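One structure is given below, encoded as structure tokens.
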Amino acid sequence: MTFGVFTHVPHSLYQGQYYAYGPYVKEMNLWGNHVDDIILVAPKTNKAPDAIDIAYTNSQLRHIEIPSFSLLGIGSKVKAIFKIPLIGWRIFWAMRKVDHIHLRCPGNIGLIACFVQILFPKKPKTAKYAGNWDPKAKQPWSYRWQKAILSNTLFTKNMQALVYGDWEGRSRNIKPFFTASYHQNQIDSTIVKDFKPPYKFLFIGTLSPGKQPIKAIELVQQLCKDFPGSSLDFYGEGAERSAIEGFITEHQLEAVVQLHGNQPSEQILKAYRSAHFLVLNSLSEGWPKVVAEAMFWGVIPIASAVSCVPWMIDNQTRGILLTGKDDYQRVLKDLSDKTQLDSHSRLAMQWSQEYTLDRFENEIKKLLRP
């Protein structure tokens, strides 16, 4: 089977192997285990792989390079007018050659691919929609279009669109799904967190405005008054780093907040093992992988109530929801109740450890060879 992947994720060629963002490639390697060869249609970057990047394991991979583009700003929109026909043409010819079409959404490349796949009604297709599928969520028009096209059974044939959450009114194209980070043999039944202050908090992910990293600092800054010596460790890079550094300096939080940048998965795993809480006050999520990862190791998520997060933490039996109203007082109350924290941690582990890579790969096999 020739498997066609259409994505906005930039890829680099380094020492004969293709590299990209680690969590994405880790998943794509599971798909690659069950196909003969891959045609990858994606932007290319000349930047050397970062610590967070990993390589594809399927050696039969052909990369068809397409330019990336943005629809933000007048200048970017003008440039996009000239890029989109080329991108659409290359996507079309790649879709003609493959046996299975796989779209990665939401994204600008995913949007174009959503339109082009309509021309191939007989080919089997899957789409991974990694964003928030909540029909009530306020989202950019490009996201809404992708959701509409993928859901439409008149135009989009032979499609299984994998989404996070089981939403009312979904069409037969839409399949509730999940993602995973760890194998069954990595489950450690000996983990028991000692919930005694000072507490160790984590923020893991892109330092972007949408994930509101400074709000995580503000929350921990307040909690340090009640639990002196507590700390917050950041793992990730992004546009907000300089603002975070300025906030730390301004509020003299050098002893509380540490920025570690992008780190390999082994280092992240060590961080989970030693931490008590993960803070993610994000404006929007699909399946927040870091929440599920943290729960796998008994780390209690303190996360915003977006997308499927309330379902993941079972409306606060497995974690703490941030709603924007009286958040500090509710978090403080939970952190002062050791019995409650022990229960959160135990139930979080039990739930997350149901979603292993072994189960995930088995579901992928069913999608590729029904």
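None of the values given here were measured: they were computed from a predicted structure.
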Check whether any side-chain heavy atom of [X] sits under 4.5 Å from a side-chain heavy atom of [Y], and report yes or no.
{"X": "F277", "Y": "Y199", "result": "yes"}
{"X": "I109", "Y": "I91", "result": "yes"}
{"X": "K128", "Y": "Y164", "result": "yes"}
{"X": "S151", "Y": "I174", "result": "yes"}
{"X": "T153", "Y": "S171", "result": "yes"}
{"X": "K193", "Y": "V299", "result": "yes"}
{"X": "D99", "Y": "K123", "result": "no"}
{"X": "F201", "Y": "D233", "result": "no"}

With distance as the sole criterion, is a donor-acceptor pair present between the side chains of [X] and [Y] under 3.5 Å?
{"X": "N173", "Y": "Q160", "result": "no"}
{"X": "H102", "Y": "T126", "result": "yes"}
{"X": "S181", "Y": "E293", "result": "yes"}
{"X": "T323", "Y": "R330", "result": "yes"}
{"X": "H11", "Y": "E65", "result": "no"}
{"X": "Q117", "Y": "T156", "result": "yes"}
{"X": "H276", "Y": "D194", "result": "no"}
{"X": "D37", "Y": "T2", "result": "yes"}
{"X": "H8", "Y": "S68", "result": "no"}

The side-chain hydrogen bond (donor to acceptor under 3.5 Å, both in side chains) partners of N315 (sequence neighbours excluded) come to none

Closest approach of [X] to [Y] (non-hydrogen atoms, all atoms of both residues):
{"X": "F155", "Y": "I118", "answer": "O-CG2, 3.6 Å"}
{"X": "P10", "Y": "T45", "answer": "CB-CG2, 4.1 Å"}
{"X": "N158", "Y": "P121", "answer": "ND2-O, 2.7 Å"}
{"X": "V116", "Y": "F92", "answer": "CG1-CA, 3.7 Å"}
{"X": "A271", "Y": "L202", "answer": "O-CD1, 3.7 Å"}
{"X": "G238", "Y": "T206", "answer": "CA-CG2, 4.4 Å"}

Donor-acceptor pair, [X] side chain versus [Y] backbone, under 3.5 Å?
{"X": "D342", "Y": "T339", "value": "no"}
{"X": "N281", "Y": "A216", "value": "no"}
{"X": "D327", "Y": "S304", "value": "no"}
{"X": "K289", "Y": "T179", "value": "no"}
{"X": "Q146", "Y": "W141", "value": "no"}
{"X": "N262", "Y": "A51", "value": "no"}
{"X": "Q329", "Y": "K325", "value": "no"}
{"X": "Q353", "Y": "F296", "value": "yes"}
{"X": "Q252", "Y": "T249", "value": "no"}
{"X": "R318", "Y": "M312", "value": "yes"}

Looking at [Y] and [X], is any side-chain nitrogen of the basic one under 4.0 Å from a carboxylate oxygen of the acidic one?
{"X": "K211", "Y": "E240", "answer": "no"}
{"X": "R241", "Y": "E245", "answer": "yes"}
{"X": "R104", "Y": "E27", "answer": "yes"}
{"X": "R273", "Y": "D188", "answer": "yes"}

What distance separates [X] [atom1] from [Y] [atom2], expressed to the nearest 0.5 Å?
{"X": "N33", "Y": "M28", "atom1": "CG", "atom2": "CE", "answer": "11.0 Å"}
{"X": "T317", "Y": "Q340", "atom1": "OG1", "atom2": "CD", "answer": "9.0 Å"}
{"X": "I214", "Y": "L219", "atom1": "CD1", "atom2": "CG", "answer": "14.0 Å"}
{"X": "R90", "Y": "F6", "atom1": "CZ", "atom2": "CZ", "answer": "13.5 Å"}
{"X": "L321", "Y": "I302", "atom1": "CG", "atom2": "CD1", "answer": "11.0 Å"}
{"X": "L283", "Y": "K215", "atom1": "CG", "atom2": "NZ", "answer": "8.5 Å"}

If hydrophobic clusters are built by linking Ile, Leu, Val, Met, Phe, Trp and Tyr wherever their side-chain heavy atoms come under 4.5 Å apart, do [X] and [Y] end up in the same one?
{"X": "V257", "Y": "F247", "answer": "yes"}
{"X": "V290", "Y": "Y24", "answer": "yes"}
{"X": "L111", "Y": "L86", "answer": "no"}
{"X": "V192", "Y": "L335", "answer": "no"}
{"X": "L278", "Y": "L347", "answer": "no"}

Is it the case that atom NZ in K338 sees more than 12 heavy atoms from other parts of the structure closer than 6.0 Å?
yes

Report, as yes or no, whether the 6.0 Å neighbourhood of atom NZ on K26 holds more than 12 heavy atoms from other residues, nucleotides or ligands.
yes

Decide yes or no on side-chain contact (heavy atoms from CB on, under 4.5 Å) for L269 and Q186, but give the supporting numbers first.
CA-CA 11 Å; L269 192 151; Q186 290 179 275; 4.2 Å; yes

Honestly, is R359 close enough over F178, meaning NZ or CZ under 6.0 Å from the six-membered ring centre and within 45° of the axis?
yes

Give me the ring orientation class for [X] and [Y]: parallel if the planes are under 30° apart, tilted from 30 to 60°, perpendicular past 60°.
{"X": "Y355", "Y": "W351", "result": "tilted"}
{"X": "W145", "Y": "F115", "result": "perpendicular"}
{"X": "F234", "Y": "F203", "result": "tilted"}

Walk me through it: do H34 and E361 pass the test side chain to side chain donor-acceptor pair (under 3.5 Å)?
CA-CA 9 Å; H34 304 284; E361 187 165 7; 2.8 Å; yes

Does D337 form a salt bridge (Lys or Arg N to Asp or Glu O under 4.0 Å) with K333? I'd like the steps, not just the answer.
CA-CA 7 Å; D337 186 342; K333 181 180 178 182; over 6 Å; no

Let me see the working for F360 and F177 under ring pair (Phe, Tyr, Trp, His ring centres under 6.0 Å), right down to the final yes or no.
CA-CA 9 Å; F360 185 72; F177 214 64; 5.7 Å; yes

Other hydrophobic cluster members with Y19, side-chain heavy atoms of Ile/Leu/Val/Met/Phe/Trp/Tyr under 4.5 Å, chained?
Y14

Apply side-chain contact (heavy atoms from CB on, under 4.5 Å) to the pair I244 and L207, showing each step before the final yes or no.
CA-CA 9 Å; I244 293 169; L207 307 182; 4.0 Å; yes

